[in-house]
There are 2 protein chains.
Amino acid sequence: MDRFEQRCRENGLKFTPARRVVLEVIEQATDHPDAFEIYRRVGRQHRLTLSTIYRTLNTFAEVGVVVRHDFGDGRGRYEGVRHERHDHLVDVESGKILEFDEAAIGSLVKAVAARLGYRLLDYRLELFAERGLSSP
Amino acid sequence: MDRFEQRCRENGLKFTPARRVVLEVIEQATDHPDAFEIYRRVGRQHRLTLSTIYRTLNTFAEVGVVVRHDFGDGRGRYEGVRHERHDHLVDVESGKILEFDEAAIGSLVKAVAARLGYRLLDYRLELFAERGLSSP
DNA sequence: TTACGTGCAAAGCGTTTGCTTATCT
DNA sequence: AGATAAGCAAACGCTTTGCACGTAA
């Protein structure tokens, strides 16, 4: 909470109820909701508009409080930033999203960028998979 | 050409001029054009509509002739399928897309999926990087 | 000839924006 | 008070769709 307030002040942002509420929803989320789902979770008692949700999410993303993911289904999915990096596996049957962290990938990918003469800023890795024993 | 005609027939698709033209554009492309860019490249002499472009691209994607990529800029980018798998590096300054192939990533990722109890169907990896010497 | 493809125009969907009013500092 | 945020409604960009006509098989 205070860490959020701090973040806001650091960036000259106002500390509004709307932002607090959206942030709470995001912090409580264990999944990867889209903007409309966040809007739903905020509920009507707060009277937030969908446009406010979007603006807030964009602001948060700029400030680095949330990350916007794109799992290929058209809409953006949001997630509060956490300490550890992680990637996602999409269960194509249920749509469920699993998270994983494989340190080896990071270094591998960084090396690839370097080999091409680039400095890696970020990368996106998503696995699409189905439940079951492995076999091609 | 004949390989395309063959693909069409295999899947009960008609062998129309529109499809031929779109396929030609895609085969000649060395980059990753979006639907509108393909529309532009087709040119007006063929009188193809943008909706036809989209429908054709979707059909091709189903049949496995093209792949649709999503580099995070909203629109889909298309590419003819090629034999070898490859991933992309996006130069965030110029928007240029580089391709690379790192076999190690494939196996790593497959192992990750397996560890989570899944069978890997596909994965998406995109690097965002800027030119320059590497350094954190 | 008949099923499939195309043009055209309109709708769909997620997201953004202009403007006015409300609110934080 | 002054700057920033929220509400609202309208627009936007990409993509899809319904329907009538056209064309490959």
Side-chain angles (χ1 to χ4, degrees), chain A residues 1-2 4-25 32-63 65-78 95, chain B residues 1-2 4-23 25 32-40 42-63 65-78 95:
Chain A
M1 315 300 127
D2 294 294
F4 161 58
E5 191 164 349
Q6 184 188 330
R7 282 265 202 187
C8 283
R9 299 193 192 288
E10 281 172 6
N11 292 79
L13 300 179
K14 284 187 181 168
F15 184 55
T16 63
R19 286 176 180 166
R20 160 173 299 282
V21 173
V22 171
L23 189 82
E24 281 173 10
V25 168
H32 303 74
D34 59 27
F36 186 76
E37 177 60 25
I38 292 170
Y39 171 70
R40 273 193 1 92
R41 293 185 192 175
V42 164
R44 291 318 162 80
Q45 64 275 29
H46 292 287
R47 299 273 186 71
L48 295 193
T49 323
L50 199 46
S51 45
T52 297
I53 304 283
Y54 276 111
R55 275 196 266 236
T56 305
L57 290 171
N58 287 340
T59 307
F60 282 176
E62 284 169 14
V63 175
V65 175
V66 307
V67 204
R68 179 192 158 131
H69 293 292
D70 174 12
F71 295 140
D73 54 357
R75 57 242 154 94
R77 312 290 217 83
Y78 298 86
Chain B
M1 316 304 124
D2 293 296
F4 162 60
E5 190 165 348
Q6 184 187 330
R7 281 265 202 186
C8 283
R9 298 194 192 288
E10 280 172 6
N11 294 78
L13 300 179
K14 283 185 182 169
F15 184 54
T16 63
R19 286 175 179 168
R20 160 173 299 281
V21 173
V22 170
L23 189 83
V25 168
H32 301 74
D34 59 28
F36 186 76
E37 178 59 26
I38 292 170
Y39 171 70
R40 273 191 3 91
V42 164
R44 292 316 162 80
Q45 63 275 28
H46 291 287
R47 300 272 185 73
L48 295 194
T49 323
L50 198 45
S51 45
T52 298
I53 304 284
Y54 275 111
R55 276 196 267 235
T56 305
L57 289 171
N58 287 338
T59 307
F60 283 175
E62 283 169 16
V63 175
V65 174
V66 307
V67 204
R68 179 191 160 134
H69 293 292
D70 173 12
F71 295 140
D73 54 358
R75 57 245 155 93
R77 313 288 218 84
Y78 299 86

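In what follows, every chain begins at residue 1, and chains take the letters A, B, ... in the order their sequences are listed. The structure displayed is predicted, hence computed values, not measured ones.
- Out of C:dT16, C:dG5, D:dA25, the shortest distance to the side chain of B:Leu13 is found at C:dG5.
- Among B:Ile53, B:Leu50, B:Thr52, B:Thr56, the single residue meeting the side-chain contact (heavy atoms from CB on, under 4.5 Å) criterion with B:Val42 is B:Ile53.
- B:Asn11 places no side-chain N or O within donor-acceptor distance of the main-chain N or O of B:Leu13, the cut-off being under 3.5 Å.
- In this structure, the NE2 atom of A:His46 is 16 Å from the C1' atom of D:dG7, given to the nearest Å.
- Taking every side-chain heavy atom of B:Thr49 into account, C:dG7 is the closest of C:dG7, D:dA5, D:dC8.
- Not a single donor-acceptor pair, N or O on each side, falls under 3.5 Å between the base of D:dG22 and the side chain of B:Arg47.
- One can place OH of A:Tyr54 at 20 Å from P of D:dA5, the figure rounded to the nearest angstrom.
- For B:Glu37 and D:dT15, the CD to C1' distance is 17 Å, given to the nearest whole Å.
- Summarising the geometry, the separation between OH on A:Tyr39 and C1' on C:dT15 is reported as 15 Å, rounded to the nearest angstrom.
- When distances run from any side-chain atom of A:Thr16 to the nucleotides C:dT25, C:dT16, D:dA6, the shortest one goes to D:dA6.
- In this structure, OH on A:Tyr54 lies 11.5 Å from OH on A:Tyr39, to the nearest 0.5 angstrom.
- OP1 or OP2 of D:dT16 sits under 4.0 Å from a side-chain N or O of B:Asn58.
- Nearest-nucleotide mapping onto DNA chain C: of B:Thr52 and B:Gly12, the residue sitting toward the 5' end is B:Gly12.
- Taking for each of B:Arg75 and B:Lys14 the nucleotide of DNA chain D with the nearest heavy atom, the 5'-most of the two is the partner of B:Arg75.
- Of the charged side-chain nitrogens involved, at least one lies within less than 4.0 Å of a carboxylate oxygen, so that B:Asp73 and B:Arg75 count as a salt-bridged pair.
- Residue-level contact check: A:Ser51 touches the bases, meaning some heavy atom is under 4.0 Å from a base atom.
- Summarising the geometry, atom CZ belonging to B:Arg40 is positioned 9.5 Å from atom CG belonging to B:Asp34; distances are rounded to the nearest 0.5 Å.
- When rounded to the nearest whole Å, the span between CD of B:Glu62 and P of D:dT15 equals 16 Å.
- Using a 4.0 Å heavy-atom distance criterion, A:Arg68 is classed as a sugar-phosphate-only contact.
- Going from atom CG of B:Asp73 over to atom C1' of D:dC14 covers 11 Å, rounded to whole Å.
- Distance CZ (A:Phe60) to P (D:dA5): 11 Å, rounded to an integer number of Å.
- Here the side chain of A:Thr56 is nearest to one of D:dA6, C:dT6, D:dA24, namely D:dA6.
- Summarising the geometry, the separation between CG on B:Leu48 and C1' on C:dG5 is reported as 11 Å, rounded to the nearest angstrom.
- With hydrogens and angles ignored, a donor-acceptor pair under 3.5 angstrom links the side chain of A:Arg55 to the base of C:dG18.
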